[in-house]
Enquirer: 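My questions all concern the structure below.
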Number of protein chains: 2
Amino acid sequence: MTKHHSTKDKLAWTASKLFQEKGYEGVGLSEILSNAKLPKGSLYHHFQKGKSDLAMAAASYASREMLRIIDDAFVPAKTYDDGMTTLFFKCAKLFDLMGKWNGCPISGTLLSGPRNPAFRDLSNQIFETWIKRIADHAQKLGIGTAEAHDRATHLFVALQGGWTLARAQQSSDVLRQMPKFLKGTPA
Amino acid sequence: MTKHHSTKDKLAWTASKLFQEKGYEGVGLSEILSNAKLPKGSLYHHFQKGKSDLAMAAASYASREMLRIIDDAFVPAKTYDDGMTTLFFKCAKLFDLMGKWNGCPISGTLLSGPRNPAFRDLSNQIFETWIKRIADHAQKLGIGTAEAHDRATHLFVALQGGWTLARAQQSSDVLRQMPKFLKGTPA
DNA sequence: GCAAGCCTAGACCAATCAGTCTAGCCCAGA
DNA sequence: TCTGGGCTAGACTGATTGGTCTAGGCTTGC
């Protein structure tokens, strides 16, 4: 399913999955390395600043995956509400596939750890990218610039908050209910 | 401002603040104890299971604070939209007071840590309590039972997600924009 | 004044942490 | 075939982790 072309990719991918499950501080380097079946030397060769560099690479990796999911939901959509609904259902499915436990890959990796300005800036940049991407799709589906950004922001917070609630409830049902709440919202 | 009647309360309060800032795994017992100016013996006397017991007490403490904020927002409200708007603004202010860094006290404490079923159950119970409380206020303001619950859930996820986005952006602006998105939503 | 027990106090422990360092594999170019 | 260097491999370190344990206040009932 997932091919790792390089040692560096394999480390970022493994770290991403583990950070999603237990958060930045909850995962030790030894755990990452044993999962990736790689020695410590490789890690510090590819990521000179160690764990923090690895976390940022892992978050970037996860962000790319999410952008793909957004595109997959919106490209075939006939209307914005259509794409939004598909996106929530795709995320609900993903949540279930991840064992109904994992958190948002970005906030779990970059916002649950120490007060690190670089982490904060990267998370902001990643979230902005997501919202921008959703807004772009909204515009393509005939929504005006300003409203598109508002709707995208609304969708983002509902997804982020809904995912958190789904974790607590150990059920993706609430994610599937979200489209009902957001549908036809003018702004 | 905050009086601690007992050693136990002081520990729970201190732990709650630190967990909000750095997450469950990000805070060491030594840090909690030095902040509370209490020895380790006291902690293990009052919380037999140690850190995990303390985290659950801290989360319960924080939950009570949030319920008070919800009541403060809705009790004087003339309409649901009124109360909802006040709640978002109160939370935005709180976010700023906390240095624009802290996360949700519940998810940071109970959902960022290890796969602990007791944590998960407690977080679910706490979130349900919040949503129930909001729905109760909605009903008092003339909204029907089913719609009240939907609106409360919608408000909750927007608050949770908005708070996360606010952290990334280091700004509470997005929280203050949320009422505009949710206003008059039929369900 | 004395004893009993709740609670404070902090030394101590094994385990684990992130990070450093050296040794050597292995492939590329000459 | 030899050599240089990108990369793997993992032993090692000092700091810190959560948790245990014993010793001694300090208050309460007599």
Side-chain angles (χ1 to χ4, degrees), chain A residues 3-59 108-119 122, chain B residues 3-59 108-119 122:
Chain A
K3 273 279 182 60
H4 303 298
H5 312 83
S6 66
T7 300
K8 196 171 181 177
D9 278 354
K10 192 170 184 179
L11 279 168
W13 184 84
T14 307
S16 170
K17 296 304 155 196
L18 288 169
F19 286 146
Q20 285 172 50
E21 185 184 337
K22 317 194 195 188
Y24 181 78
E25 304 274 10
V27 183
L29 292 186
S30 61
E31 192 176 358
I32 296 171
L33 294 169
S34 71
N35 269 276
K37 294 191 189 71
L38 251 19
K40 197 167 268 190
S42 299
L43 197 163
Y44 279 89
H45 174 79
H46 293 290
F47 303 97
Q48 276 145 318
K49 284 196 238 153
K51 199 184 184 184
S52 58
D53 268 8
L54 179 58
M56 295 204 284
T109 303
L110 298 179
L111 293 177
S112 82
R115 249 193 164 88
N116 183 332
F119 281 12
L122 181 58
Chain B
K3 272 282 181 55
H4 304 298
H5 312 84
S6 67
T7 300
K8 196 171 181 177
D9 278 354
K10 191 171 186 179
L11 280 168
W13 185 85
T14 308
S16 170
K17 296 303 154 196
L18 287 169
F19 286 145
Q20 284 172 51
E21 186 185 336
K22 317 194 196 189
Y24 180 78
E25 306 272 10
V27 183
L29 292 186
S30 60
E31 192 176 359
I32 297 170
L33 294 169
S34 71
N35 270 275
K37 293 191 188 74
L38 252 18
K40 196 167 270 191
S42 299
L43 198 164
Y44 279 89
H45 174 78
H46 293 290
F47 303 96
Q48 276 146 316
K49 282 195 239 153
K51 199 184 185 185
S52 58
D53 268 10
L54 179 58
M56 295 204 283
T109 303
L110 298 179
L111 293 178
S112 82
R115 250 192 165 88
N116 183 333
F119 282 12
L122 180 57

Enquirer: Starting at atom NZ of A:Lys51, determine the distance to atom P of C:dT16, rounded to an integer number of angstrom.
Expert: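 Spelled out: NZ on A:Lys51 to P on C:dT16 is 15 Å.
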
Enquirer: Over how many whole Å does the gap from B:Asp53 atom CG to D:dG19 atom P extend?
Expert: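 So the CG-P distance, B:Asp53 to D:dG19, works out to 10 Å.
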
Enquirer: Short question: side chain of B:Ser16, backbone of B:Ala12 - any donor-acceptor pair under 3.5 Å?
Expert: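 Here the side-chain-to-backbone pair does not exist.
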
Enquirer: When all nucleic acid strands are considered with a 4.0 Å heavy-atom cut-off, which category describes A:Lys40: base, sugar-phosphate, or nothing?
Expert: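 Base, at least one base heavy atom under 4.0 Å.
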
Enquirer: In this structure, which one of A:Leu38, A:Asp9, A:Asn35, A:Leu54 forms a side-chain contact (heavy atoms from CB on, under 4.5 Å) with A:Thr14?
Expert: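 Exactly one option meets the side-chain contact (heavy atoms from CB on, under 4.5 Å) with A:Thr14, and it is A:Asn35.
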
Enquirer: Would you say the side chain of A:Leu110 lies within less than 4.5 Å of the side chain of A:Phe19, judging by non-hydrogen atoms?
Expert: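 Result no, sub-4.5 Å side-chain heavy-atom pair not found.
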
Enquirer: Side-chain contact, heavy-atom cut-off 4.5 Å: A:His45 with A:Lys8?
Expert: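 No, every pair of side-chain atoms sits at 4.5 Å or beyond.
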
Enquirer: Quick one: are B:Pro114 and B:Tyr24 in side-chain contact, heavy atoms under 4.5 Å?
Expert: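 Result yes, sub-4.5 Å side-chain heavy-atom pair found.
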
Enquirer: Could you list by number each residue of residues 24-38 of chain A showing a heavy-atom separation from DNA chain C of less than 4.0 Å, or answer none if no residue does?
Expert: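 Nucleic-acid contacts, sorted: A:Val27, A:Gly28, A:Leu29, A:Ser30.
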
Enquirer: Tell me, which of residues 41-50 of chain B have any heavy atom that sits under 4.0 Å from an atom in DNA chain C?
Expert: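 By residue number: B:Gly41, B:Ser42, B:His45, B:His46.
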
Enquirer: Would you say A:Ser112's side chain and A:Thr109's backbone share a donor-acceptor pair under 3.5 angstrom?
Expert: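 Flag not set: sc A:Ser112 to bb A:Thr109 has no pair under 3.5 Å.
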
Enquirer: Nearest-Å distance, NZ (A:Lys22) to P (D:dT17)?
Expert: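 Rounded to whole Å, this separation is 19 Å.
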
Enquirer: Please check: side-chain N/O of A:Lys51 versus main-chain N/O of A:Val27, any donor-acceptor pairing under 3.5 Å?
Expert: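 Confirmed, A:Lys51 side chain pairs with A:Val27 backbone.
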
Enquirer: State, with a plain yes or no, whether a side-chain heavy atom of B:Leu43 is found less than 4.5 Å away from one of B:Thr7.
Expert: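 The answer is no, as the side chains (C-beta and beyond) never meet within the 4.5 Å cut-off.
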
Enquirer: Return the value, rounded to whole Å, for the distance between atom NZ of A:Lys8 and atom P of D:dG6.
Expert: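 Rounding to the nearest Å, NZ of A:Lys8 and P of D:dG6 are 14 Å apart.
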
